[in-house]
Amino acid sequence: MPNIIDVSDLSYRYQEAGSRVLDHVTLSVKQGEWLAIIGHNGSGKSTLAKCLNGLIQPEQGNVVVSGYNTKDESAIWKIRRRVGMVFQNPDNQFVGATVRDDVAFGMENHGVAREEMLQRLDEALKLVKMEAYADQEPHRLSGGQKQRVALAGIVALQPLIVILDEATSMLDPEGRRDVLETMKLLNKQRGLTVLSITHDLDEAVHADRLIVMNEGKVIRQGTPAEIFQHAELLEEIGLDLPFAVKMERLLRQRGLEMTERPLTQEGLVNALW
Ligand code: ADP
């Protein structure tokens, strides 16, 4: 698969005298990939996300999304159409009085014809399993349902890439699970490229590949199995290891050998039984 995002030697600082928040970041994302960017608070993840959809411009280096350089002002709207973003707080993302209005809002702004809009609306709500809530007021929904509606609004705009910036961090475990399932669906069934920015490593183990950030730098890249082989490094930079990795380590310490690295809770259960 070709690269859909290429970031090369990207540096950024918020004020001229301030320190670098992104420091020579180089990474690429393949079309259809699910990439998780992990790191503790303040490591530069959200700033990187803002660079990816052209909200802020690199101080140095280049960001190329779907063939367009974010420095090219004439391409900025093309980039924004291709990159959908879901943020942390589900309550800050609603504009419509009902779920249906809310999902339709973005399409109206993009000038989607009415018939096509209705079709995309139905499809998007079905995909996130919220069709039964179409006429409800968004603020009555649970956190997980709200994030799924936010995702429907983005899917309806037919982006190539969805960036979830800590989109599950304010949710309860059930909401997290629901949003995670929806992310899997978008990625595996729809072929959308998913970039999840998270400090929740239980979520990150589901990604195809992880990028570890610390103090504005990419300090490691690899599959979840490769990254969790160096669990000490993740602990050193203040990340809480996934439950299954902690359990596996505990079991090894007690002399119980795993035949394979489980990484996920389901994997752990399978390896034990
Ligand atoms: P993360 O998403 O990993 O928590 P951020 O990209 O939000 O990290 O922040 C990286 C650094 O940039 C932090 O030190 C943060 O305080 C600083 N920062 C973030 N946004 C701004 C801003 N708008 N103005 C000045 N500094 C900022």
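Position 1 is the first residue of the sequence; numbering continues from there. Whatever order the structure lists them in is the order used to number ligands and atoms, beginning at 1.
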(message) I'd like to know if atom 21 (C) of ligand 1 has any protein heavy atom within a distance of less than 4.0 Å.
(response) yes
(message) Give me the residue, atom name and distance of the protein heavy atom closest to atom 11 (C) of ligand 1.
(response) Val21 CG1, 3.6 Å
(message) Students should be able to answer this: which protein heavy-atom is nearest to atom 1 (P) of ligand 1, and at what distance?
(response) Gly42 N, 3.4 Å
(message) Surrounding CD of Glu232 (heavy atoms of other residues, nucleotides or ligands, distance under 6.0 Å), is the total greater than 12?
(response) yes
(message) Please list the nearest protein heavy atom to atom 19 (C) of ligand 1 with its residue and the distance rounded to 0.1 Å.
(response) Tyr14 CE1, 3.4 Å
(request) Could you check atom 3 (O) of ligand 1 against the protein and tell me its nearest heavy-atom contact, residue, atom and distance included? (result) Lys45 NZ, 2.8 Å
(request) For the pair Arg252 and Glu248, find out whether any cationic side-chain nitrogen is under 4.0 Å from an anionic carboxylate oxygen. (result) yes
(request) Enumerate the atoms of ligand 1 whose separation from the nearest heavy atom of Ser43 is less than 4.0 angstrom. (result) 1 (P), 3 (O), 8 (O)
(request) Before signing off on this row, confirm whether Gly44 and ligand 1 have an N or O atom pair separated by under 3.5 Å. (result) yes
(message) Atom CD of residue position Glu174 - does it have more than 12 heavy atoms of other residues, nucleotides or ligands inside 6.0 Å?
(response) no
(request) Indicate yes or no: does an N/O atom of Ser46 lie under 3.5 Å from an N/O atom of ligand 1? (result) yes
(request) Mind checking whether Glu166 contacts ligand 1 via backbone (N, CA, C, O), side chain (CB onward), both or neither, at a 4.0 Å heavy-atom cut-off? (result) neither
(message) Tell me every residue that passes side-chain contact (heavy atoms from CB on, under 4.5 Å) with His24, counting only those two or more places apart in sequence or in another chain.
(response) Asp9, Ser11, Arg20, Gln60
(message) Is atom 24 (N) of ligand 1 touching the protein, meaning some protein heavy atom lies under 4.0 Å away?
(response) yes
(message) Holding to side-chain contact (heavy atoms from CB on, under 4.5 Å), I want the full list of residues that pass it with Leu52, two or more places apart in sequence or in another chain.
(response) Ile5, Val7, Val63, Ile163, Leu195
(request) Using a strict 4.0 Å threshold on nitrogen-to-oxygen distance, state whether Lys188 and Asp208 make a salt bridge. (result) yes
(request) Answer side chain, backbone, both or neither: which part of Thr47 comes under 4.0 Å from ligand 1, heavy atoms only. (result) both
(message) One thing to verify: whether Glu236 and Arg220 come together as a salt bridge, which I'm taking to mean a side-chain N less than 4.0 angstrom from a carboxylate O.
(response) no
(message) Suppose I only count heavy atoms of Asn41 and a 4.0 Å limit; which atoms of ligand 1 are within that range?
(response) 4 (O)
(request) Inspect the surroundings of CZ in Phe94 and state if more than 12 heavy atoms from other residues, nucleotides or ligands are less than 6.0 Å away. (result) yes
(request) Show which atoms of ligand 1 fall inside a sub-4.0 Å distance from at least one heavy-atom site of His40. (result) 3 (O)
(request) Please indicate whether Glu215 has more than 12 foreign heavy atoms, meaning atoms of other residues, nucleotides or ligands, lying under 6.0 Å from its CD. (result) no
